[in-house]
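To start, the structure under review is shown below, and the notes come after it.
Residue numbers begin at 1 in each chain, while the letters A, B, ... track the order of the sequences.
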Amino acid sequence: MAMLSALTFFSSYTFQVNTSMFKTKSTKNHQPKTLPKSSLTDKYTPQSIDVDVSNARKNQLLTRNLVSHVNSGDIESALYLFERMPKSDTFVWNVLIRGLTDNGFFREAVDLYYRMCFSGVRADNFTFPFVIKACGELCDLREGEKVHAKVYKAGLNFDLYVCNALICMYAKLGYIDCAERVFLGMESRDLVSWNSMISAYAIVGDGWSSLLCIKKMQSVGIEHDKFTLISSLKACSLLCSLLIGKEIHGQVIKSTFRLDVVVQTSLIDMYGKCCHVQYAYNLFNRIPERGIITWNAMIGCYALNLRPLESFSCFRNMQKSGVVHPDKITLINLLPSCAQVGALLPGKSIHGFAIRKEFLPHLVLETTLIDMYGKLQELRLAEQVFDQMNVKNMISWNAIIAAYVQNGQSRQALKLFSNLVYKHCKPDASTISSILPAYSDIASLTEGKQIHGYIIQNEFSANNYISNSIIYMYARCGDLLSAQQIFDRMYNKDVISWNTIIMAYGIHGFGKESLELFCRMRENNIEPNASTFVSVLSSCSIAGLDEEGWKHFHLMKREYGIDPQIEHYGSMLDLLGRKGDLDKAKEFIHEMPLAPTARIWGSLLAASRHHRNIELAEVAANHILSLAHDNTGCYIVLSNMYAEVGRWEDVERIKDLMSEQGMAKTIGFSDIEVNYKTIRFVNHDRFHLETDRIYDVLSILLRQIGEELFVSLQKFRPVDLIRTRLNSPKCHSVRLAISYGLISISIGKPIVIKKNIRICRDCHDAAKKISDITNREIVVGDSKIYHHIKDGHCSCKDYW
DNA sequence: GTAGGGTTAG
């Protein structure tokens, strides 16, 4: 309801031109602005100039006028006046530079400072703080450093005000070392110097240093003020430390700032970031006059804590209050809620509203839009926003890369990533975390090793999140040993590291090893979470460890109080399906407390396929078709089942259905890596340089395992025979890859093959027999799991 | 006539 109201609001909003752009009252935190050239030439008739008074008196009057214009935020008039005044006085320049900086005209402020220098007027201790602030707001380090050099030249490097401004500028630019150097080099420090340094640490995300700095300040006998409290609350948010946050809240209550709306908003923000929505709301509720920032903080708190509906209803209440109007930050805070509830329409309406209100271009807003569209599977829209941006930073690049990865466009994401690395700038830890799942997805060991090398070279290896992703990537690329090595070398293994390594062994069919790791995890006093049990239960189901699976399923609730989620039920259903009691499996779905998803019906479909129960497969498929986005796999399974029993009319029907929906059968392939090169085979492939040898090997192998490459199937009519041949698995890509592996990979090493779709039953059987007669280990990674095939047996125990 | 403050994307 709230969301719908929000939608109505955004859609019905009519655009109004803001005519007072250059007549705004002096406010802080402006976006950089640009003055129109006309502002210097516009007609302006100063009313209060008396032509009869002396020059000195006239200048005094003009100056007073200038100051009053600046103070009222009328920069346009101030500029007009300035151009008609003698400019020998530093004071006049200072007033105007301050006016420009305070009103968000940062570039103009810096430009005016240079004009001042060229005019031969000396910048003084009043000039520099504003110019330095403007450099910080422009995020222009080079300009900032140039001005800093001028500060030295002017002998003002010990000036208290100048130094305080420098600390803030360097912090804003992210150069905390430079800020520290200025702070430590100061001859004397006041409360503002300390507050600036405390806030500097908070700005760069170093909560501990910020809190330590407060301690140091107190130890030298300086009392805190409300700015100190605000920064310390930010530090708590960074550290997610509710304990210290509450302590500071206590101090606030005892202080004179307890009713200060800024302090209150900081408290709301802190509680929100520490995941205490109720505390945040209680505070919010008690504030009588809420400004836009307070509303934004509360909306942001809901969005951050994954409460999208409350975030929308908070927005609705803000509208009802009628006092405040949404700004850019309101939209930035509201957009993640659209993604969270899968609400594309409200998301688009907000986008439209932002355009009508001329909020765009805006770096953060655009990046949030990319993020939302990516999560709502609207990759085209995400791309559109990204392409239209005129300023991009690392975060916007990361957002678009993540959008590609989330939407299964791994190759596209990798292309963008290399584009970023080679042409633009150095990726950060977030870029690496975003891109690693794409490497896991393409599962190419050679490329995986390359990105791992890059990560080591650029010192990202210490990041737990990244290390965990590398473990998973190696496991997905089929290199379990490397996955284990990375895991072993990690200093601070967290619960995700353990979950990942358990899953790594799981997808390779080593269920017992997964369970051993689970025991070791508990010995190391790592508390398992819901994801741990996803790893454990799927490991059991992949390896067919029936008893252990059920044991852990019950353990999860009984010992750890974790309610099973759909993924857990899915694994248990796989175990039931494997046993073949399909009625029990159906009953299990029926009794589940959660609504069955496509994943659940997929599990039943797999069981029906395995036990050749077409009727049940049709039931499962119908459910999947009504739920899932991409139904290709489901259609293919059904079609193959019909083909197996010769129901060609049904095969044709499925084919028609698929083409009606614009679906194409995914072209299956098998990749094999030889000498750091990936060789790809498709079914009936004849493009390889060594095609003749490969087919010779295949022919010998097939004869040995009791199949013939070309055989007439008497039981089918001729038309069916052609169909059967076309569907024949004898020249499937995986068999061609195995044949090639046998002649190109040295004896003793396993033949590792990676497929993009699931392996078919015939090829699975053939691979087992080939492994037996050739005495080679064959590892086939399909789209879900790895089959370790040795001496005629597979780790999946013939169920997948 | 000078400095420091609350809400902002991956």
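In this structure, the nucleotide among B:dA3, B:dT8, B:dG6 sitting nearest to the side chain of A:V192 is B:dA3. Among the nucleotides B:dG1, B:dT7, B:dA9, the one closest to any side-chain atom of A:I332 is B:dA9. The nucleotide whose nearest atom lies closest to any side-chain atom of A:F130 is, among B:dG1, B:dT2, B:dG6, B:dT2. Nearest to the side chain of A:N94, among B:dG1, B:dA3, B:dA9, sits B:dG1.
For the pair A:D102 CG and B:dG4 P, the computed distance is 8 Å after rounding to whole Å. Rounded to a whole Å, the CE atom of A:M186 is 13 Å from the P atom of B:dG4. Here the P atom of nucleotide B:dG1 and the CZ atom of A:F82 are 19 Å apart, to the nearest Å. Distance NE2 (A:H362) to C1' (B:dT8): 7 Å, rounded to an integer number of Å. Atom CE of A:M169 and atom P of B:dG4 are 13 Å apart (whole Å). For the pair A:H325 NE2 and B:dT7 C1', the computed distance is 18 Å after rounding to whole Å. Taking atom CE of residue A:M197 and atom C1' of nucleotide B:dG4, one finds them 13 Å apart after rounding to whole Å. Straight-line distance from the CZ atom of A:R189 to the P atom of B:dG4: 19 Å, rounded to whole Å.
A:D327 comes within contact range of no nucleotide atom at all, as no heavy-atom separation falls under 4.0 Å. Counting any heavy atom pair closer than 4.0 Å across all strands shown, A:N195 reaches a base atom. A:V95 comes within contact range of no nucleotide atom at all, as no heavy-atom separation falls under 4.0 Å. Nucleic acid contact class of A:S266 (heavy atoms, under 4.0 Å, all strands): sugar-phosphate only. At a threshold of 4.0 angstrom between heavy atoms, the contacts of A:T368 are confined to the sugar-phosphate backbone, with no base atom among them.
Every residue two or more places apart in sequence or in another chain that forms a ring pair (Phe, Tyr, Trp, His ring centres under 6.0 Å) with A:Y113 is listed here: A:F128. A:D140 is linked by a salt bridge (charged side-chain N to carboxylate O under 4.0 Å, His left out) to A:R107, counting only residues two or more places apart in sequence or in another chain. In terms of the side-chain hydrogen bond (donor to acceptor under 3.5 Å, both in side chains) criterion, residue partners of A:E180 (sequence neighbours excluded) are, by chain and number, A:Y201. Taking the salt bridge (charged side-chain N to carboxylate O under 4.0 Å, His left out) definition, one finds that A:R380 meets it with A:E383, sequence neighbours left out. Under the rule for a salt bridge (charged side-chain N to carboxylate O under 4.0 Å, His left out), A:K172 has no partner lying at least two apart in sequence or in another chain. Qualifying side-chain hydrogen bond (donor to acceptor under 3.5 Å, both in side chains) partners for A:D441, counting only residues two or more places apart in sequence or in other chains: A:S410. In terms of the side-chain hydrogen bond (donor to acceptor under 3.5 Å, both in side chains) criterion, A:E223 has no residue partners (sequence neighbours excluded).
Put simply, the side chain of A:R122 never gets that close to the backbone of A:T90: no donor and acceptor are under 3.5 Å apart. In this structure, A:Q264 contributes its side chain and A:L259 its backbone to no donor-acceptor pair below 3.5 Å. Using a distance-only test at 3.5 Å, with no hydrogens or angles considered, no donor-acceptor pair links the side chain of A:N407 to the main chain of A:Q409.
A stacked arrangement is not assigned to A:F126 and the six-membered base ring of B:dT2, the conditions of a centre distance below 5.5 Å and an interplanar angle below 30° not being jointly met.
Near DNA chain B, meaning a heavy atom under 4.0 Å away, the residues from residues 221-235 of chain A are A:D225, A:K226, A:F227, A:I230. Listed in residue order, the members of residues 249-262 of chain A having a heavy atom less than 4.0 Å from DNA chain B are A:V261, A:V262. For the segment residues 280-301 of chain A, residues with any heavy atom less than 4.0 angstrom from an atom of DNA chain B are, sorted by number, A:I293, A:T294, A:N296.
Under 4.0 angstrom from either OP1 or OP2 of B:dG6 there lies no side-chain N or O belonging to A:K273.
For residues 259-286 of chain A, every residue pair satisfying the salt bridge (charged side-chain N to carboxylate O under 4.0 Å, His left out) rule, not counting sequence neighbours, is listed here: A:K226-A:D260, A:D269-A:K273. Sorted by first then second residue, the ring pair (Phe, Tyr, Trp, His ring centres under 6.0 Å) pairs that include residues 371-390 of chain A, not counting sequence neighbours, are A:H351-A:Y373, A:F386-A:W397.
Aromatic ring centroids of A:H148 and A:Y170 lie under 6.0 Å apart.
Contact annotation: side chain of A:T265 to base of B:dG6, donor-acceptor pair present below 3.5 Å.
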